[in-house]
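Beneath this line is the structure, given in structure tokens, with notes to follow.
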Amino acid sequence: MAAWWRPTRARLRLDRPAPSLMPPVTERKFRRTSTRRRDTPASRQRAVSAQARQPFSFLLFLLPVSRRQRPLGPMSRRALRRLRGEQRGQEPLGPGALQFVLHDDDDAEEEGPKRGPGGRRSRGAGKEGVCVNNRFELINIEDLEEGPVLNGERSDCLLTDAVVSGNKRRSQSGSADTKKAGEAADKAVPPEQSNISGKLRKKKKKQKNKKNTTGEILENGLEDIDRILERIEDSSGLNRPGPPPLSSKKHVLYVEHRHLNPDTELKRYFGARAVLGEQRPRQRQRVYPKCTWLTTPKSTWPRYTKPGLSMRLLESKKGLSSFAFEHSEEYQQTQHKFLAAVESMEPNNIVVLLQTSPYHVDSLLQLSDACRFQEDQEMARDLVERALYSMECAFHPLFSLTSGTCRLDYRRPENRSFYLALYKQMSFLEKRGCPRTALEFCKLILSLEPDEDPLCMLLLIDHLALRARNYEYLIRLFQEWEAHRNLSQLPNFAFSVPLAYFLLSQQADLPEQELNSAREQASLLIRQALTMFPGVLLPLLEYCSVRPDAAVATHRFFGPDAEISQPPALSQLVSLYLGRSHFLWKEPATMSWLEENVREVLQAVDSGDPAVEACESRRKVLYQRAPRNIHRHVVLSEVKEAVAALPPDVTTQSVMGFDPLPPLDTIYSYVRPERLSPVSHGNTIALFFRSLLPNYTMEPPHRWVRPILSC
């Protein structure tokens with residue numbers, strides 16, 4: 001065994017390739033580590049077994065040291081070139097020219113699974129056919145990163161020179177000593193190190209690119225989606241000069257889904273961590289049947305079951321589709337119970353009804369008002385969201401919230417619940433500090449019936465647009481609807497549109513020409529508004545705690561007579577606008593701009609401008625009486641100044657929260673059955689007990705009661 005072992009060990013030591021050209025320190029480190037790894041009893045046993053499989057290996061010692069080659073297996077390219085008398089530097093370098101194969105028997109056995117059928121390594125591990133023979137990564141990579149890098153790869157010239165110089169030294173020295181090889185390594189870079197460094201530089205370059213790409217994605221995620229889409233369109237190179245065609249322009253009442261979620265706006269203000277930090281992950285079992293746009297279902301809600309509410313398509317013509325909600329027989333019975341509970345004037349009856357029908361819409365809305373009157377805003381908002389969820393689950397497949405072409409007739413009682421639920425949700429969003437989301441809900445309500453506008457959302461949409469700083473949308477709405485809706489005759493639009501122009505002119509990111517144009521348009525419109533509605537100025541200054549100039553306060557055009565002489569309907573509109581939007585005028589720059597235009601209006605009045613008399617005659621004709629939808633809007637708005645200006649015929653009516661001031665031409669799909677009320681067939685004593693006990697029901701009178709009553 002000893003006779004076989006020593007020659008075998010010597011053969012293994014002499015069978016290695018020519019000494020490498022790595023630096024001496026690195027080479028010693030590599031040899032010391034490789035010897036420590038390989039000189040083990042297991043490696044010795046493998047070497048003995050490999051020698052036993054080669055019966056003529058002892059003849060290898062008869063040859064000179066420089067002529068020793070492996071008797072088995074394919075010959076290396078270097079050996080083939082030496083037999084042919086060629087040198088490596090004479091052949092052109094190609095993608096597959098840089099292929100290095102280890103010729104160590106121990107490495108061959110350890111790397112067996114990674115080699116191909118011919119004993120060579122598989123070429124799919126690296127790019128361009130480059131294989132690295134440093135399996136254990138024993139070479140210090142920091143000492144090798146000294147060459148120039150281009151696009152994550154080492155220069156080809158450096159790699160070619162290193163290979164050519166290495167081959168020349170090997171051909172000249174033959175079986176040179178290790179010391180000479182170490183001296184030659186100081187002048188040239190070995191191809192193995194070049195390959196390792198180039199491959200590692202590629203990896204580092206890819207990692208840097210991934211990090212940069214991730215950082216750019218995180219930064220771009222904070223930007224607006226519309227700006228990203230515009231950037232993509234600009235990069236396509238298909239832009240045309242001039243304004244976009246009318247077909248590509250969205251409808252003025254187009255609703256965006258992402259702006260219906262208040263969390264989107266709150267994340268922009270406070271960050272995603274502050275908004276979503278306290279939200280718990282959803283349960284694995286899906287309790288709710290579908291995802292919705294108007295609200296997000298909560299885990300604290302009762303399990304959803306269809307309450308009997310549905311929607312059907314009535315007709316579709318001229319690009320508009322008319323829909324209507326429908327009540328099943330079960331839902332109709334629940335509706336009758338709800339009306340009886342409302343007549344009882346007891347909120348607990350509605351609570352009992354919701355225990356059996358947790359998604360009855362009118363009960364949820366009525367109980368929400370009761371909670372709001374008791375200062376329980378959170379419960380009131382939760383009930384409204386549950387009502388919206390119940391109605392959205394009943395949508396028709398063709399009903400769209402965003403297109404602006406779907407219509408719901410307010411004259412149908414089944415549709416009014418949806419209008420009122422949207423309005424109450426919009427009010428909660430505005431109070432919560434989400435004006436952009438509230439503006440989207442306002443557009444949605446207006447798009448359901450824009451011609452009739454049953455809730456008169458035109459008296460509110462300008463206020464929400466200014467609060468959301470969406471000045472361009474307000475200006476566009478005014479320009480498109482002024483011709484057929486006469487929006488300038490409403491005090492809120494007459495003053496809000498010039499204010500939007502002025503605030504737009506204060507932005508620094510616009511060109512100078514656009515800023516000057518917006519400022520001129522704002523001044524022109526505010527003069528027209530002051531001329532048409534002179535009774536707005538002094539109350540506005542009083543709301544803003546600004547003392548007017550004596551010349552303005554004592555002038556006959558802006559004085560107290562202007563406020564007293566205006567019609568009651570106009571006074572109601574002015575009170576509604578000032579009670580809601582007066583704080584938008586408190587900025588010093590806005591007040592100074594308003595003062596300049598007031599002085600110019602006074603000069604026009606003193607000079608006898610005919611436009612002043614025309615506006616006065618128009619005020620007397622147009623504002624005789626406010627329509628019913630304006631009264632309904634005032635009742636829902638709960639602005640104290642506007643509610644106090646309501647006419648007596650409205651204040652004397654009983655206004656229900658689930659259906660305030662219903663239309664006079666209501667279209668009923670089913671009729672409530674007549675109830676045999678004991679009050680109508682009773683007497684004075686029955687009415688007395690009825691007034692004391694709302695739930696009192698009179699029993700049939702006994703025979704002995706009649707003589708007493710007759711007396």
Side-chain angles (χ1 to χ4, degrees), residues 224 226 249-262 264-266 268-269 401-402 404 422-423 425-448 450 453 455-483 485-507 509-510 514 518-519 521-522 525-526 528-529 536 540 573-574 576-587 589-590 593-594 630 633 636-637 639:
D224 197 2
D226 295 335
K249 201 172 185 179
K250 294 181 181 179
H251 194 267
V252 70
L253 297 179
Y254 178 81
V255 179
E256 298 183 18
H257 277 150
R258 62 191 181 94
H259 288 310
L260 290 174
N261 188 2
T264 304
E265 188 171 3
L266 293 176
R268 189 172 57 192
Y269 295 153
L401 295 172
T402 61
L422 290 176
Y423 188 92
Q425 178 71 357
M426 178 194 64
S427 302
F428 284 122
L429 291 172
E430 183 186 3
K431 296 176 182 177
R432 192 181 176 186
C434 302
R436 183 65 182 88
T437 311
L439 174 62
E440 216 66 22
F441 272 83
C442 184
K443 289 161 56 177
L444 175 58
I445 298 173
L446 186 58
S447 67
L448 295 177
D453 195 8
L455 299 185
C456 208
M457 302 308 298
L458 289 177
L459 298 178
L460 178 62
I461 192 171
D462 61 300
H463 169 74
L464 296 176
L466 289 175
R467 284 200 58 189
R469 298 181 181 180
N470 199 347
Y471 311 127
E472 295 84 356
Y473 175 77
L474 178 59
I475 294 173
R476 180 192 171 191
L477 178 64
F478 178 77
Q479 292 175 352
E480 293 187 8
W481 283 26
E482 169 62 19
R485 298 297 294 268
N486 294 326
L487 297 181
S488 60
Q489 304 305 314
L490 295 174
N492 59 312
F493 268 94
F495 283 87
S496 295
V497 174
L499 181 59
Y501 272 110
F502 174 75
L503 295 176
L504 192 63
S505 66
Q506 301 296 312
Q507 298 181 357
D509 56 346
L510 295 178
E514 294 184 8
R519 182 67 177 264
Q521 189 70 14
L525 293 177
I526 194 61
Q528 296 177 1
V536 177
L540 177 60
L573 294 176
V574 171
L576 181 65
Y577 172 70
L578 295 178
R580 178 181 281 159
S581 305
H582 65 275
F583 64 91
L584 298 174
W585 295 82
K586 288 186 176 182
E587 295 294 331
T590 305
W593 165 71
L594 179 62
I630 293 181
H633 178 85
L636 292 173
S637 65
V639 178

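Heads up: numbering here begins at 1 and tracks the sequence.
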Euclidean distance, Leu464 CG relative to Glu440 CD, rounded to 0.5 Å: 11.0 Å
task: For the pair Glu482 and Ser488, evaluate side-chain contact (heavy atoms from CB on, under 4.5 Å) and give the outcome as yes or no after the intermediate values.
output: CA-CA 7 Å; Glu482 169 62 19; Ser488 60; 2.9 Å; yes
query: Which pair of heavy atoms, one from Arg580 and one from His463, lies closest together, and at what distance?
result: O-CE1, 3.2 Å
message: Checking side-chain polar atoms at under 3.5 Å, does Thr402 have a donor or acceptor matched by the opposite partner on Glu256?
response: no
task: Any chance you could lay out the side-chain contact (heavy atoms from CB on, under 4.5 Å) test for Leu594 and Thr590, step after step, and finish with the verdict?
output: CA-CA 6 Å; Leu594 179 62; Thr590 305; 5.6 Å; no
message: Evaluate Asp462 against Leu499 for side-chain contact (heavy atoms from CB on, under 4.5 Å), listing each step before the verdict.
response: CA-CA 10 Å; Asp462 61 300; Leu499 181 59; over 6 Å; no
- request: To the nearest 0.5 Å, tell me how far Leu584 CG sits from Arg467 CZ.
  value: 8.0 Å
Non-hydrogen side-chain atoms of Leu446 and Lys443 separated by less than 4.5 Å: no
CG on Leu576 to SG on Cys456, rounded to 0.5 Å: 8.5 Å
task: With the side chain counted from C-beta on, respond yes when Leu266 and Arg432 share a heavy-atom pair under 4.5 Å apart, and no when they do not.
output: yes
task: Please work out whether the ring planes of Trp593 and Phe502 are parallel, tilted or perpendicular, with thresholds of 30° and 60°.
output: parallel
statement: Heavy-atom closest pair (Thr437 atom, Pro262 atom, distance to 0.1 Å) is OG1-CA, 3.7 Å
- request: Show the numbers, then the answer: is there a side-chain contact (heavy atoms from CB on, under 4.5 Å) between Phe441 and Gln425?
  value: CA-CA 8 Å; Phe441 272 83; Gln425 178 71 357; 3.8 Å; yes
- request: State, to 0.1 Å, how close Leu477 and Leu487 come at their nearest heavy-atom pair, and which atoms those are.
  value: O-CD1, 3.9 Å
- prompt: So His633 and Tyr423, would you call those rings parallel, tilted or perpendicular, with 30° and 60° as cut-offs?
  reply: perpendicular
pair Leu510-Leu504: side-chain heavy atoms closer than 4.5 Å: yes
- prompt: Any side-chain heavy-atom pair from Met457 and Pro450 closer than 4.5 angstrom?
  reply: no
Leu466 side, atom CG; Phe583 side, atom CZ - distance, nearest 0.5 Å: 9.0 Å
task: Return the minimal non-hydrogen interatomic distance between Ala529 and Ala494, and the atom names on each side.
output: CB-O, 3.2 Å
- request: Kindly write out the residues that satisfy side-chain hydrogen bond (donor to acceptor under 3.5 Å, both in side chains) with Glu587, not counting sequence neighbours, or none if the list is empty.
  value: none
message: I'd like to know if Arg476 and Glu472 make a salt bridge, using a cut-off of under 4.0 Å between side-chain N and carboxylate O.
response: no
message: Do Trp585 and Phe495 make a side-chain contact, defined as non-hydrogen atoms from C-beta onward lying under 4.5 Å apart?
response: yes
task: State, with a plain yes or no, whether a side-chain heavy atom of Phe493 is found less than 4.5 Å away from one of Leu459.
output: no
Minimum-distance pair of heavy atoms, taken over all atoms of Val639 and Gly579: CG1-CA, 4.2 Å
Tyr577 side-chain N/O to Leu490 backbone N/O, donor-acceptor pair under 3.5 Å: no
query: Looking only at heavy atoms, what is the nearest atom pair of Met426 and Ala438, with distance?
result: CG-O, 3.5 Å
- request: Working to the nearest 0.5 Å, report the span between CG of Leu260 and CG of Leu444.
  value: 6.5 Å
message: Quick check against the 3.5 Å criterion: does Glu265 have a side-chain atom that pairs as donor or acceptor with the backbone of Arg436?
response: yes
- prompt: So do the side chains of Ser496 and Leu474 get within less than 4.5 Å of each other, counting heavy atoms only?
  reply: yes
statement: d(Leu429 CG, Leu439 CG) to nearest 0.5 Å is 11.5 Å
